Every structure is written in C-alpha cells, then in structure tokens.
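To keep things clear, I will list the structure first and then write my remarks on it.
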Amino acid sequence: MRFAAIADIHGNHPALEAVLANIRAEGIEEIVNLGDFFSGPLEAGRTADLLVPLGLTSVRGNHDRYLIEQDPASMHASDAAAYQQLTPSHLDWLRSLPFDTIYRGEAYLCHATPRNDNLYWLESVSPEGLVFLKPIEAIEALAEGIGLPLILCGHSHIPRAVRLSDGRLIVNPGSVGCPAYDDVLPYYHKVEAGHPLASYAILEKTTAGWIWQFRTVAYDHMAMSALADERGRADWASALAAGWVR
C-alpha cells in the first residue's frame, strides 16, 4: 500500500500542478488531501477547477471553514481574495467535506488536530515567537483514542514525522503552495521553510510498518511571487520567492 499526502495548497495552482505531475511520475495513483486548499492572493479559482474533479479523499482546513462560515466582508485578506474567485459549486464542495476521516482503515486524517482545526499538533510556539517540536507527551495526548497506525495532519506547513511510543506514526507532509507565513496566535511567530519548493509526502506500508518520504518539487515560484506582489501582498511575495517572510 503506497499513496501520497498533500496539504496547504493555498491557491497555488502551478505548485499543485507540479506536485501532481511528480506523484504521477512516481506511479502513485492515490492521494489524500489535508485541507487549506484555496486561501491566499493567488489562483484560488484555477486551483479549485483542477482539484475538485480529482475526487481525492479530503478533509477541510481552518481556512476552508472560514470561506464557508464567515461573512466575506469580515474575512482576512487571504480568505477574501480566494472567496472572490470561487464559484458556488466550489463552496458547496467545501461544505461537503468532513472535519476528519479515516483512509482505507489505516490512516486517520485531519487538518490540524482531532478536536481543533487551528492548533499545531506537532509544534509549539513560545511567547518569544520560537516554533519548536512539542514534547512527545503533548503530541501523544492529542492522539489519544486514535487506534490507527498512521496519522496525517497539516496546518503548520512544516514537513515532520513523529513516531509515538506505541509505534503509531504521525506525518505532516508540509505545504504544497505556501512555504512561509506569519501569524499572531498563540503569539506572533513565523514559519519559514527557507526554500520556495512545493512539499508533499509519500507513505508506504511495509513489513516493518509505515514509512515515509518527504518530497520537494520545483515549479515557477517566481511567477507566483510576482502575482502576489501585484496584488499588494509583499509577505506572500517574499515567502513564494525564497521561503522567508520579509
């Protein structure tokens, strides 16, 4: 059993195209999608037109929820920009998606954590804004009651794998379309890949259990950086150009 996991596309259509092509080149036919598909100043509509017909096993992220729950007039700039490009059928698709799901009886899927779509599962943020790996006890507490060998999450945009003490594996595949961002909660912090490539993960079940490979894929990131700059989003332009928020 071998499949790919993608997350946090954030409306980056060419990054998604490149990742899908790379997955096909690997001979992988099945993909799971961990949310935050469209939010951002890029190409939400084109991304939806590509993504929705694929029929991937998908869960809804916090920004996907904002797009269907919030008044457009009160949305954050990234959500508002995406909302303007999405059709009623795109929004209906978001409404149809679950908060979490189980894939092939082997993997638990959610965007962030099992009870909160806006909480990092594997990372903590210090009051000084440092992002660091949570203690294993805190990670395992969030996994309580999940009796599956593989757990997949996104949200932090950081490719990371953690083996729990009982052998279960948690994997975050990183972000397809947004290699860096800043946030004010729980404290102001930056998450920065330090490179502009698209990220995803390959999961494989072996005789030794589940193993993972993180993959990075090149695409025309400078075109997306220029688009973000044209739309007045210098933070996104920097993130897409180099993987840093400046």
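Keep in mind that the numbers below use all heavy atoms, side chains included, and drop hydrogens, waters and symmetry copies. By convention here, the first residue in the shown sequence is residue 1. Computed from a predicted model, the values in this text were never measured in an experiment.
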So which heavy atom on [X] is nearest to which on [Y], and how close?
X      : Y      : value
Ala18  : Ala218 : CB-O, 3.8 Å
Gly174 : Asn172 : N-OD1, 2.9 Å
Asn116 : Ala112 : O-CB, 3.4 Å
Trp236 : Ser39  : CH2-O, 3.8 Å
Asp100 : Pro114 : OD2-O, 4.4 Å
Ala7   : Gly154 : CB-CA, 4.3 Å

Could you walk me through whether Arg2 and Glu29 pass the salt bridge (charged side-chain N to carboxylate O under 4.0 Å, His left out) check?
CA-CA 9 Å; Arg2 188 168 180 252; Glu29 297 181 354; over 6 Å; no
Hey, is the main chain of [Y] close enough, under 3.5 Å, to the side chain of [X] for a donor-acceptor pair?
X      : Y      : result
Lys190 : Ala180 : no
Gln85  : Leu42  : yes
Asp64  : Gly61  : yes

Donor-acceptor pairs are to be reported for all side-chain atoms of residues 137-144 against protein atoms at under 3.5 Å, with residues two or more places apart or in another chain.
| from | atom 1 | to | atom 2 | distance (Å) |
| --- | --- | --- | --- | --- |
| Glu140 | OE2 | Ser165 | N | 2.8 |
| Glu140 | OE2 | Ser165 | OG | 2.6 |

Hey, mind stepping through Asp182 and His189 against side chain to side chain donor-acceptor pair (under 3.5 Å) and telling me if it holds?
CA-CA 6 Å; Asp182 61 357; His189 64 283; over 6 Å; no
If hydrophobic clusters are built by linking Ile, Leu, Val, Met, Phe, Trp and Tyr wherever their side-chain heavy atoms come under 4.5 Å apart, do [X] and [Y] end up in the same one?
X      : Y      : result
Ile151 : Ile102 : yes
Trp121 : Tyr187 : no
Met75  : Leu86  : yes

Can you name the residues that form a salt bridge (charged side-chain N to carboxylate O under 4.0 Å, His left out) with [X], not counting sequence neighbours?
X      : value
Arg24  : none
Asp183 : none
Arg163 : none

How long is the straight-line distance from [atom2] of [Y] back to [atom1] of [X], given to the nearest 0.5 Å?
X      : Y      : atom1 : atom2 : result
Trp93  : Ile68  : CH2   : CD1   : 10.5 Å
Arg168 : Ile146 : CZ    : CD1   : 7.0 Å
His76  : Leu67  : NE2   : CG    : 12.0 Å
Arg215 : Ile23  : CZ    : CD1   : 10.0 Å
Phe37  : Ile9   : CZ    : CD1   : 7.0 Å
Ile6   : Ser175 : CD1   : OG    : 10.5 Å

For Arg233, the side-chain hydrogen bond (donor to acceptor under 3.5 Å, both in side chains) test, sequence neighbours excluded, returns Ser78, Asp235
Does any non-hydrogen side-chain atom of [Y] lie less than 4.5 Å from one of [X]?
X      : Y      : value
Val131 : Ser124 : no
Glu192 : Pro179 : no
Val191 : Val245 : no
Phe132 : Val125 : no
Leu240 : Asn12  : yes
Ile136 : Val162 : yes
Asp220 : Pro14  : no

For Arg65, run the side-chain hydrogen bond (donor to acceptor under 3.5 Å, both in side chains) check against Asp117, Asp36, Asp79, Asn118 and tell me which one passes.
Asp117
May I ask you to decide whether Glu123 forms a salt bridge with Arg160, counting only side-chain N to carboxylate O separations under 4.0 Å?
yes
List, by chain and then residue number, the residues other than [X] in its hydrophobic cluster (Ile/Leu/Val/Met/Phe/Trp/Tyr, side-chain heavy atoms under 4.5 Å); write none if there are no others.
X      : result
Met1   : Phe3, Val32, Leu34, Val59, Tyr103, Leu109, Leu150, Leu152, Leu169, Val171, Leu203, Trp210, Trp212, Phe214
Ile211 : none
Phe99  : none

As a quick check of understanding, evaluate side chain to side chain donor-acceptor pair (under 3.5 Å) for Glu128 and Ser126, giving each step before the final call.
CA-CA 5 Å; Glu128 298 76 26; Ser126 74; 3.1 Å; yes
Show me the donor-acceptor pairs within less than 3.5 Å that the side chains of residues 44-58 make with the rest of the protein, sequence neighbours left out.
| from | atom 1 | to | atom 2 | distance (Å) |
| --- | --- | --- | --- | --- |
| Arg46 | NH1 | Glu43 | OE2 | 3.4 |
| Thr47 | OG1 | Gly11 | O | 3.2 |
| Thr47 | OG1 | His13 | N | 3.4 |
| Thr47 | OG1 | Glu43 | O | 2.8 |
| Asp49 | OD1 | His90 | NE2 | 2.9 |
| Ser58 | OG | Leu56 | O | 3.1 |

For residues 193-200, please give each side-chain donor-acceptor pair under 3.5 Å, one per line with the distance, not counting sequence neighbours.
| from | atom 1 | to | atom 2 | distance (Å) |
| --- | --- | --- | --- | --- |
| His195 | ND1 | Leu197 | N | 3.1 |
| Tyr200 | OH | Asn22 | OD1 | 2.6 |

Pairs where residues 135-165 contributes a residue and the test ring pair (Phe, Tyr, Trp, His ring centres under 6.0 Å) is met, not counting sequence neighbours:
His10-His157, His111-His155, Tyr120-His155, His157-Tyr181
Under 3.5 Å donor-acceptor pairs involving side-chain atoms of residues 221-229, not counting sequence neighbours:
| from | atom 1 | to | atom 2 | distance (Å) |
| --- | --- | --- | --- | --- |
| His221 | ND1 | Tyr219 | O | 3.4 |
| Ser225 | OG | Ala237 | O | 2.7 |

